[in-house]
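Each residue takes its place number in the sequence, starting with 1. Basis for what follows: all heavy atoms, side chains included, without hydrogens, waters or symmetry-related copies.
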Amino acid sequence: MTVSVALWADELGLGDRIEALRGRVTVVRRTDELAEIAALAESGLADAALLAGPASEVEAPLVDALTGLGATVVVLVDDDGERARLAGLGAHCLPVEADEHAVTELLEQEAGRGPGPVAAAGHRPGDRDGARAERPKGRVVAVWGPTGSPGRTTVAVNFAVESAQAGRSVLLVDADTYGASAGVHLGLLDESAGAAQLCRLADQGVLDAAGFERACPVVAVAGTRLRIATGLPRAQRWPELRAAALGRVLDFARRQVDLVVVDTSAYLELDEDLSFDTAAPQRNGAALAVLEAADEVVAVGQADSVGVPRLIKALEALQEVLPTVRPNIVFNKVKGAALGRKPERQLRETWERFGPGLPITGWLPWDPDAVDAALLAGSALAESFPDSRLRAAIAGLAGHGVQRRVGAFRR
């Protein structure tokens, strides 16, 4: 099989020496423009990119785009820091003085293998089970659901707090690119956008423990502490949560805490498939990256005649883009006024008849007083309304029980 290579900034004549070998590797285009390299891979003319110019100009979005298209990326670089950064992005690195034999051997070996785990986790859905085998111990729980305010953020925030109260080290990440609000739920009104800070550090290849701690402040709530990576203060900043960068952030976060809880948006459509002829930033790529990386997906639906069909349609969309993901179905705002005298039974019968075949794993009662009190106080249910039935149900969803106080008012 011939390996077609696009070559950038060939000042040492490496392309001529590769062609002189008359082997399987052929240079189809030489250019001084990095943007042209990506276009050649997008068009299918190049199986690989050989980047011989200054390594500092090779940035994460380009490498992610190339590897996401299945192109092998080889960078000639001597600086140890740049080599580590580029290798972390999924590029193959060789010394600047590497000869044509070393380059062609690497290209022949790697071309045709397709995108590696770094690209698969962030650019498009990949081999979810295969990538998981290499993951460190920390777990990622994604809280997702359809449009219509089913209560994703309420569940995510309180799930994180209840897990922290159970003694686990927890990071709460707001990755909603349409309406981030996890910070507001905990009384944080700054515009630091910790999730975007983490993505920038990951793109620069400098995400470390110190940067992680700066971007994710510790919040004290309900007698416990957890870290939070706040979301985007303005929705138009959504390109700052690049899918591939977010995937790398979650992989790093697993090594820092026991549990990462991610609040994510509803939409899953691949934007460039809808609107562009070439690869483009995906607003919904953040949600896809989170769901792809998650060990557990909690799908939150609203328990009424509108929320149930919305959840069914959302699950169908999820099945199309990530067929290996089997979410835990949780119905929120369960109340008799919407479903009759026995709401759980009515909902279960409806779900068994019209649902996608996934079992219901959780029921969260309608408790507007408790939710309103928590929002007003900028805190979690465990602090503002600790004896509410909703708080107990979310704690159970997180796998933790709640000890009620003697004589406490039971809602």
Side-chain angles (χ1 to χ4, degrees), residues 59-61 64-65 122-123 142-158 160 171-204 206-207 211-219 221 226-250 252-253 260-276 279-293 300 314 371 374-380:
E59 298 180 344
D64 290 336
H123 187 78
V143 181
W144 168 82
T147 59
S149 300
R152 295 184 300 269
T153 303
T154 297
V155 172
V157 168
N158 288 281
L171 169 67
L172 173 63
V173 180
D174 193 335
D176 191 334
T177 55
Y178 289 84
S181 61
V184 175
H185 276 65
L186 292 178
L188 302 177
L189 301 178
D190 66 330
E191 296 195 358
S192 59
Q197 290 185 46
L198 292 173
C199 287
R200 282 195 293 273
L201 293 173
D203 270 345
Q204 295 165 8
V206 295
L207 179 57
F212 174 81
E213 292 174 1
R214 287 194 301 271
C216 307
V218 174
V219 178
V221 55
L226 72 156
R227 292 190 179 274
I228 179 171
T230 52
L232 301 172
R234 289 175 292 279
Q236 60 265 36
R237 291 176 58 182
W238 64 265
E240 296 180 37
L241 295 188
R242 287 199 324 109
L246 187 56
R248 285 190 284 271
V249 166
L250 295 179
F252 181 86
V260 183
V261 179
V262 190
D263 179 19
T264 191
S265 57
Y267 303 100
L268 302 178
E269 295 87 358
L270 295 172
D271 307 271
E272 75 271 22
D273 288 348
L274 299 176
S275 309
F276 300 94
Q282 297 181 29
R283 184 170 190 173
N284 304 329
L288 290 168
V290 170
L291 296 175
E292 175 78 7
V300 181
V371 173
L375 284 173
L376 181 62
S379 186

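In this view, Asn158 satisfies the side chain to side chain donor-acceptor pair (under 3.5 Å) rule with no residue, not counting sequence neighbours.
The structure places CG of Asp174 at 6.0 Å from OG1 of Thr153, a figure rounded to the nearest 0.5 Å. Between the OG1 atom in Thr147 and the CZ atom in Arg152 there is a gap of 8.0 Å [rounded to 0.5 Å]. Taking CD of Gln236 as the start and CZ of Arg283 as the end, the distance is 8.5 Å to the nearest 0.5 Å. Distance check, rounded to the nearest 0.5 Å: CD of Glu213 to CZ of Arg227 gives 4.5 Å. In this structure, Arg248 CZ and Leu207 CG are separated by 10.0 Å, a value rounded to the nearest 0.5 Å. Interatomic distance, Cys216 SG to Gln197 CD, rounded to the nearest 0.5 Å: 8.0 Å.
Inter-residue side-chain proximity for Leu201 and Phe252 is flagged as unmet; no heavy-atom pair is nearer than 4.5 Å. With a 4.5 Å cut-off on side-chain heavy atoms, Asp203 and Glu59 do not count as touching. A heavy-atom distance below 4.5 Å is not found between the side chains of Leu226 and Val261. Put simply, the side chain of Ser181 does not reach to within 4.5 Å of the side chain of Asp176, judged on heavy atoms. In this structure, Val157 and Asp263 have side chains that are not in contact, with every pair of non-hydrogen atoms separated by 4.5 Å or more.
Nearest heavy atom pair, residue Leu241 against residue Cys199, reads CD2-SG, 3.9 Å. Across every non-hydrogen atom of Ala156 and Leu172, the tightest pair is O-CD1, 4.0 Å. Between Arg242 and Ala60, the shortest heavy-atom contact is NH2-CB, 3.6 Å. Minimum heavy-atom separation, Val262 to Ala175: CG1-CB, 3.8 Å. When all heavy atoms of Ala266 and Pro146 are compared, the closest pair comes out as CB-C, 3.6 Å. For the residue pair Tyr178 and Ala235, the shortest heavy atom distance occurs at O-CB, 3.7 Å.
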Intermediate values then yes/no, side chain to side chain contact (heavy atoms under 4.5 Å, CB included), Val290 and Trp144: CA-CA 10 Å; Val290 170; Trp144 168 82; over 6 Å; no
